[in-house]
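Data first, discussion second: the structure below is written as structure tokens.
Protein chains get the first letters and strands the later ones, always in sequence-line order, with residue 1 at the start of each.
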2 protein chains.
Amino acid sequence: MIEPDTDSKAETRTRLLEAAGEVFAEMGFARATIRDICHRAGANLAAVNYHFRDKEGLYFAVAKYAESFADQDFANGPGNQPGNGPGVASGATPEQQLRFFIRTFLFRAIGKDRLAWHGKMMAREMSEPTAMLDRLVAEGIRPRATVLEGIIRQLLGSAATKWRVEACARSVVSQCIFYHLCRPVIDRLHPNQRYDTESVEQLADHIAQFSLGAIQGIVAHKGF
Amino acid sequence: MIEPDTDSKAETRTRLLEAAGEVFAEMGFARATIRDICHRAGANLAAVNYHFRDKEGLYFAVAKYAESFADQDFANGPGNQPGNGPGVASGATPEQQLRFFIRTFLFRAIGKDRLAWHGKMMAREMSEPTAMLDRLVAEGIRPRATVLEGIIRQLLGSAATKWRVEACARSVVSQCIFYHLCRPVIDRLHPNQRYDTESVEQLADHIAQFSLGAIQGIVAHKGF
DNA sequence: GACAGTTTTAAACAAGTGTTTTAAACTTCT
DNA sequence: AGAAGTTTAAAACACTTGTTTAAAACTGTC
């Protein structure tokens with residue numbers, strides 16, 4: 001009898017989660033097909049419905065699965081402390097915290113590894129929401145937004161309005177997810193832009209510098 | 001015989017364009033259904049295929065139709081000169097030009113009128129491209145990107161690298177289209193944010209101030 | 001008023017996709 | 001080895017959506 005190779009030995013359920021992670025992250029919920037996912041996983045079409053009840057059940061499971069990676073430290077670059085979510089480097093200055101947040105956020109919007117699945121799924125939910133958006137906002141997006149707004153609040157000072165803090169947070173986040181959501185047009189407009197680790201570091205530096213300069217400008221002009 | 005009212009008197013073809021403009025701007029190409037469009041237009045299901053051959057033909061026609069409005073001056077607020085595209089206010093300082101560009105861009109990403117159709121369709125194409133993206137990039141997106149990069153080049157000075165100019169342009173654009181693409185999550189995260197004319201003006205002011213401060217910060221720190 | 005061309009209508013068709021079903025294959029335990 | 005439960009497999013089903021068809025209604029012309 002032929003010994004099955006390691007890939008086939010992995011449980012179908014796990015292979016489905018892996019394949020679905022890639023597909024959902026790249027395509028979002030609606031454009032992903034379970035036929036595609038099952039094909040990539042080397043599984044039968046009915047496997048999704050057997051293991052996860054339906055497509056939405058798989059989507060939820062993948063979200064949880066991806067979340068389990070999202071807390072790990074960041075493999076693609078130095079400087080992130082294990083166990084910390086985006087922007088919660090303890091004992092750092094607000095400036096450092098903002099850089100850290102942006103860097104982590106950007107890697108998870110651009111990267112292709114498991115760490116990026118969660119970020120990409122959140123980004124897709126932002127523009128093409130599903131029934132899961134409310135849960136994802138409550139458990140994934142709002143906590144991170146709160147962290148970011150806390151950092152920005154420190155940078156702007158207590159004189160800044162709540163509205164201004166929120167607007168700045170949106171300005172920061174939008175720059176990051178732009179590189180995931182609008183990749184098709186960036187590739188056509190700026191085809192020389194690279195996405196290897198070094199280039200993403202450079203992009204993170206730009207966004208951080210851009211945003212810090214913007215916030216400092218607001219403080220300097222007392223534009224609260 | 002009963003006289004048909006003005007709406008029914010309008011040609012089916014025109015009513016289809018109007019209905020499709022709303023739907024395509026809001027949903028993008030894939031999520032829009034011709035059944036929905038025909039229903040809104042009070043037309044039969046086969047009308048799209050009769051007048052525009054197929055769904056894509058309608059999409060192209062709507063893009064052209066919307067473009068015919070995009071050159072008109074901007075109804076929802078003062079200060080825009082007729083016949084000028086975003087950011088090409090003649091004889092203004094680069095700062096004023098940037099504000100103008102952002103303001104126009106933002107109104108066309110948030111607005112609900114015909115003027116916004118083109119901007120919203122471009123934004124959707126950026127994240128969910130169709131076969132039309134290449135044409136839209138060539139005729140609509142790249143010209144505007146070139147204008148924006150020209151403005152930023154003036155602000156940054158000739159010492160700035162091409163890469164930095166492009167990155168700043170992306171930072172500006174991303175903040176604007178965020179309000180169209182990610183509206184679902186903004187509504188949940190910041191439910192107090194309003195979108196009447198005055199509020200959009202305020203948002204445009206914020207993005208302009210944010211971006212100008214960022215660019216000035218880059219210049220000040222010689223971070224080219 | 002009859003005719004030719006145009007437009008609209010209702011229905012059916014075709015393709016893609018999520019889901020269910022039923023049986024076969026496999027695993028585990030005794 | 002045999003039985004019970006678990007997993008996989010192939011096919012069919014149901015629904016949505018874009019498209020086509022063929023007849024009906026309409027419009028303008030003579």
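- Distance OH (Y59(B)) to C1' (dG18(D)): 17 Å, rounded to an integer number of Å.
- Taking atom CG of residue D54(B) and atom C1' of nucleotide dG18(D), one finds them 9 Å apart after rounding to whole Å.
- Atom CZ in R53(B) sits roughly 16 Å away from atom P in dG18(D) (whole-Å rounding).
- A donor N or O paired with an acceptor N or O is not found under 3.5 Å between the base of dG16(C) and the side-chain atoms of R35(A).
- Which of dT17(D), dT19(D), dT8(C) sits closest to the side chain of T12(B) comes down to dT8(C).
- Between the CD1 atom of I34(B) and the C1' atom of dT19(D) there is a distance of 7 Å, given to the nearest Å.
- Enclosure of atom CZ in R135(A) by more than 12 non-hydrogen atoms of other residues, nucleotides or ligands within 6.0 angstrom is indicated.
- Using a 30° and 60° split on the angle between ring planes, F210(B) and F210(A) fall in the tilted class, from 30° to 60°.
- The CD-P distance, from E56(B) to dG18(D), rounds to 13 Å in whole Å.
- For the pair M27(A) CE and dT17(C) C1', the computed distance is 14 Å after rounding to whole Å.
- Distance CZ (R31(B)) to P (dG16(C)): 20 Å, rounded to an integer number of Å.
- In this structure, R31(A) and E26(A) have side chains that are not in contact, with every pair of non-hydrogen atoms separated by 4.5 Å or more.
- Within a heavy-atom distance below 4.0 Å of DNA chain D, the residues of residues 36-52 of chain B found are L45(B), A46(B), N49(B).
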Original post:
Hey, mind stepping through V185(B) and E125(A) against side chain to side chain contact (heavy atoms under 4.5 Å, CB included) and telling me if it holds?
Top reply: CA-CA 8 Å; V185(B) 84; E125(A) 280 287 330; over 6 Å; no
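- Using a 4.0 Å heavy-atom cutoff across all strands shown, A32(B) reaches sugar-phosphate atoms only and no base atom.
- Rounded to whole angstrom, the span from the NZ atom of K55(B) across to the C1' atom of dT19(D) amounts to 12 Å.
- Pairs engaging residues 169-186 of chain A under the salt bridge (charged side-chain N to carboxylate O under 4.0 Å, His left out) rule: R183(A)-D187(A) [sequence neighbours left out].
- Put simply, the side chain of N49(A) reaches to within 4.5 Å of the side chain of I34(A), judged on heavy atoms.
- The pair K162(A)-E166(A) counts as a salt bridge, with a side-chain nitrogen and a carboxylate oxygen less than 4.0 angstrom apart.
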